[in-house]
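This report refers to the structure that appears directly beneath it.
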Number of protein chains: 4
Amino acid sequence: MSPKTKEQYEEIREASSNKILMAALELFGTKGYDATSVSEVASKAEVSKGLIYNYFQSKEHILQQLFTYLNSQEQDVLRQVEDDDPKKMLENILRYVFAELRNNSDLWKLITSLALQVGKFDFLHQPLVNKLNSYYTLFESLLTQTGIKNPDKEAKVIGALLDGIGFQSLVLGKDYPLDEIEEYLVQKYCRNAT
Amino acid sequence: MSPKTKEQYEEIREASSNKILMAALELFGTKGYDATSVSEVASKAEVSKGLIYNYFQSKEHILQQLFTYLNSQEQDVLRQVEDDDPKKMLENILRYVFAELRNNSDLWKLITSLALQVGKFDFLHQPLVNKLNSYYTLFESLLTQTGIKNPDKEAKVIGALLDGIGFQSLVLGKDYPLDEIEEYLVQKYCRNAT
Amino acid sequence: MSPKTKEQYEEIREASSNKILMAALELFGTKGYDATSVSEVASKAEVSKGLIYNYFQSKEHILQQLFTYLNSQEQDVLRQVEDDDPKKMLENILRYVFAELRNNSDLWKLITSLALQVGKFDFLHQPLVNKLNSYYTLFESLLTQTGIKNPDKEAKVIGALLDGIGFQSLVLGKDYPLDEIEEYLVQKYCRNAT
Amino acid sequence: MSPKTKEQYEEIREASSNKILMAALELFGTKGYDATSVSEVASKAEVSKGLIYNYFQSKEHILQQLFTYLNSQEQDVLRQVEDDDPKKMLENILRYVFAELRNNSDLWKLITSLALQVGKFDFLHQPLVNKLNSYYTLFESLLTQTGIKNPDKEAKVIGALLDGIGFQSLVLGKDYPLDEIEEYLVQKYCRNAT
DNA sequence: TATGAATGAGTTTTCATTCAT
DNA sequence: CATGAATGAAAACTCATTCAT
């Protein structure tokens, strides 16, 4: 009956949907969600405006799917940085964050600016809260193992610090001394005598 | 009809202009610049739409003026926190930042989200860079005086940290332990033995 | 302060709003609600598309207002046809209906086609039911006074008959013998011996 | 692959085409022609969007075919209600109409709302005029045979009456006393002394 | 100075129709 | 014969900006 198999259609759908999502990620990230028009997403994805509405109910749903997609990606990350040695794992995390800031700043920009619009996008709030808390927990556990004082407070400090660095490097761009800060933090948190 | 002196006109201009600016600050801060319409600003300022264009060339110019206004305000702050004792001054700054986060989160939200749109608003970039640098310089100077190691790095760390705390408290809202972090940082940076 | 008085603005609003409503009435009546675009209404009203949304929240709201407007007009009609003699009053009503069919067929077309879409426009149902019932009641009262047999049934018959005539004359247009039927009904219902 | 005979293909065509037509009838009738999308027809017919264009040149052609189909059905009806006794035949017609109103109100709704859009669908006008006229002729002949006065006028009255009843029962739905009116009309037109 | 009606370009969204397979 | 992904033109709607008063 079908000229294409179910699988073939599924592949096509997946491919197109991804093209759109990636285009949206880049544009929402650089220009901001509000300032990006659906037409722009369509052009960048090399797809017709109509097709976007074939895959996404609305502009906001693109954002939602994007968020879902980014979350799913993050699971993989945590597995990558895992290590038995808490200091090594902390270093992995730090290095990963800095690498991301260098290579995927659009994504950070998007997440950051979305986070600020928590009030506008209801679907963001709870996931973000959960995420931050899970990071605090992870950091606290690692810091406890490394024997640092006030691990609960320091966990929050590191969390805020990384966010702050991300933020400032987004604003300052090339001028921000990512390398220098990276080494300094690794030294400070991961190379101290036990 | 009623002949007004130049001064009276000036006062009226000043008053109307301020009402508009304050309304814009609140709305841009809470809803975001793009998501706020000029009409909304007019309503909140209890002023007609037309009047806004009497004082500001365009919506973007409201933002620019707002930015100018906020900058001018900041000069006053620096005078307030000044102190001969570097540790005391650092504490003043920290306490000031936390107080602002508690009371003027809209303003922070606005500045933060604008900062992320540096690409869109050209007029923002240089002033922001200058500001961050002047803060780094100030922190470095204070930290040097307190005899802390690596004052240049730590200056950037504190800068990023404060931004990060601001960011996370904006996202987490009531759930963020501002008080706890405030005391911890004051202890850590301003109460250490010399 | 104001360059125009409140009253002046109110007049302007009233005038524009009416222009739009009248244009909508004609187009919705002739082409149907769904088949008429807001742009077309704007052109016919000689007004910009934007202005329509200044006065009406949505296309559907134009319809709602139109309905309200038409209802309010009808009150006047009932006063016009009133007469102490029930047969005369019945005749007045009949003649009024036929006159409307001749002169305002768009309006009938609109009401008729809307009535068929009761399911789509919730706001229509109850008012329409009320209207039909009030007509039944009026007819029954008049017929009772004229001493006709089965006035309750005949009231419904007349109601349906008038609707049916309206419908068929809309469909057949010029070909429908409105004059002939009008005289026949007047003779039959209003000139019978008591 | 599987070689099919011409007859088999014809059967398939007929079946698919009918499924589509029936789905269209239901949707056009309930939601209206404009408000129904081709996709919806496809879903309801459990057929792909593309297939519809295999059988029908356009959305409007579905409507045309539907109309043709309904017309062809009606021929059967006339045979069913035929009777040598004119009063009996008139009763059969009345009873048939009321039965349809009770069971196939969608179809009535569709025909009624289409009739109102005569201007939009050219192909409707002439057939509808012919149909109405043929009904008038039939009624007039039956009424003449029953010896009623003014059979030409009464034929039009009955025609309009039935349309009006249909219309009002569509609008009022369950609230309309179809049974009561049916009996009344049968008594009035078919049980009168000769 | 102040008003708000009016505009029009741009945005999101829908949908009949085409087409490669 | 059958599929559903893809298109593009047009629809509903928004909003910064202008302008007569």
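From a predicted model like this one, the values you see are computed outputs, not experimental measurements. Within every chain, numbering begins at 1; the chains are lettered A, B, ... in the order of the sequence lines, protein sequences first and strands thereafter.
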Whole-Å distance between [N] [atom2] and [X] [atom1]?
X        : N       : atom1 : atom2 : answer
Lys6(C)  : dA5(E)  : NZ    : P     : 11 Å
Ile12(C) : dA6(E)  : CD1   : C1'   : 10 Å
Glu11(A) : dA6(F)  : CD    : C1'   : 17 Å
Lys49(B) : dC15(F) : NZ    : C1'   : 8 Å
Gln8(A)  : dA5(F)  : CD    : P     : 12 Å
Ile52(B) : dA16(F) : CD1   : C1'   : 11 Å
Glu10(A) : dA5(F)  : CD    : P     : 9 Å

Without placing hydrogens or testing angles, list every side-chain donor-acceptor pair under 3.5 Å for residues 11-27 of chain B, not counting sequence neighbours.
unit_1	atom_1	unit_2	atom_2	d
Ser16(B)	OG	Ile12(B)	O	3.4
Glu26(B)	OE2	Lys44(B)	NZ	3.3

Qualifying residues under side-chain contact (heavy atoms from CB on, under 4.5 Å), relative to [X], sequence neighbours excluded:
X        : value
Gln73(A) : Tyr69(A)
Thr68(A) : none
Glu46(D) : none
Ser43(D) : none

Problem set entry | Proximity to DNA chain F (any heavy atom under 4.0 Å), residues of residues 57-65 of chain B only | Ser58(B), Lys59(B)
Exercise. What residues in residues 14-46 of chain B put a non-hydrogen atom under 4.0 Å from any atom of DNA chain F?
Worked result: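 Within this stretch, Thr36(B), Ser37(B), Val38(B) sit under 4.0 Å of the strand.
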Is the phosphate of [N], meaning OP1 or OP2, less than 4.0 Å from a side-chain N or O of [X]?
X        : N       : answer
Tyr53(A) : dT13(E) : yes
Arg13(A) : dA5(F)  : yes
Asn54(A) : dA6(F)  : no

Heavy atoms from C-beta onward define the side chain here; which of [options] lies closest to that of [X]?
X        : options                 : value
Tyr55(B) : dT7(F), dA2(F), dT1(E)  : dT1(E)
Tyr9(C)  : dA5(F), dT1(E), dT3(E)  : dT3(E)
Ser48(C) : dA16(F), dA6(F), dG8(E) : dG8(E)

Exercise. Taking side chain as C-beta onward, heavy atoms only, is Asn71(B) less than 4.5 Å from Phe67(B)?
Worked result: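 Yes; the side chains approach each other to less than 4.5 Å.
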For this session: For residues 119-128 of chain B, pull every pair meeting salt bridge (charged side-chain N to carboxylate O under 4.0 Å, His left out), keeping only residues two or more places apart or in separate chains.
Result: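 Only Asp34(B)-Lys120(B) qualify under salt bridge (charged side-chain N to carboxylate O under 4.0 Å, His left out).
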Exercise. Do you know the tightest heavy-atom contact between Ser39(D) and Lys49(D)?
Worked result: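 In this case the closest contact between Ser39(D) and Lys49(D) is OG-CD, 3.4 Å.
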Exercise. For Ala42(B) and Ser48(B), which heavy atoms make the closest approach, and how far apart are they?
Worked result: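 Smallest interatomic distance, heavy atoms only, reads CB-C, 4.0 Å.
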Problem set entry | Structure string for DNA chain F in dot-bracket form, Watson-Crick and G-U at under 3.5 Å, | interchain | .||||||||||||||||||||
Solution key, residues 105-117 of chain C side-chain donor-acceptor pairs under 3.5 Å, sequence neighbours excluded:
unit_1	atom_1	unit_2	atom_2	d
Thr112(C)	OG1	Trp108(C)	O	2.5
Ser113(C)	OG	Lys109(C)	O	3.0
Ser113(C)	OG	Leu110(C)	O	3.2

Exercise. In terms of the nearest nucleotide of DNA chain F, which residue is placed more toward the 5' end: Val47(D) or Gly50(A)?
Worked result: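 Nearer the 5' end of the strand: Val47(D).
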Exercise. Within the structure shown, what part of the strands sits under 4.0 Å from Leu51(B) by heavy-atom distance: base, sugar-phosphate, or nothing?
Worked result: base
Exercise. Residues in salt bridge (Lys or Arg N to Asp or Glu O under 4.0 Å) with Glu60(B), at least two apart?
Worked result: none
For this session: Output every pair passing ring-ring contact (aromatic ring centres under 6.0 Å, His included) with a member in residues 21-66 of chain D, not counting sequence neighbours, ordered by first then second residue.
Result: Phe28(D)-Tyr33(D), Tyr33(D)-Phe121(D)
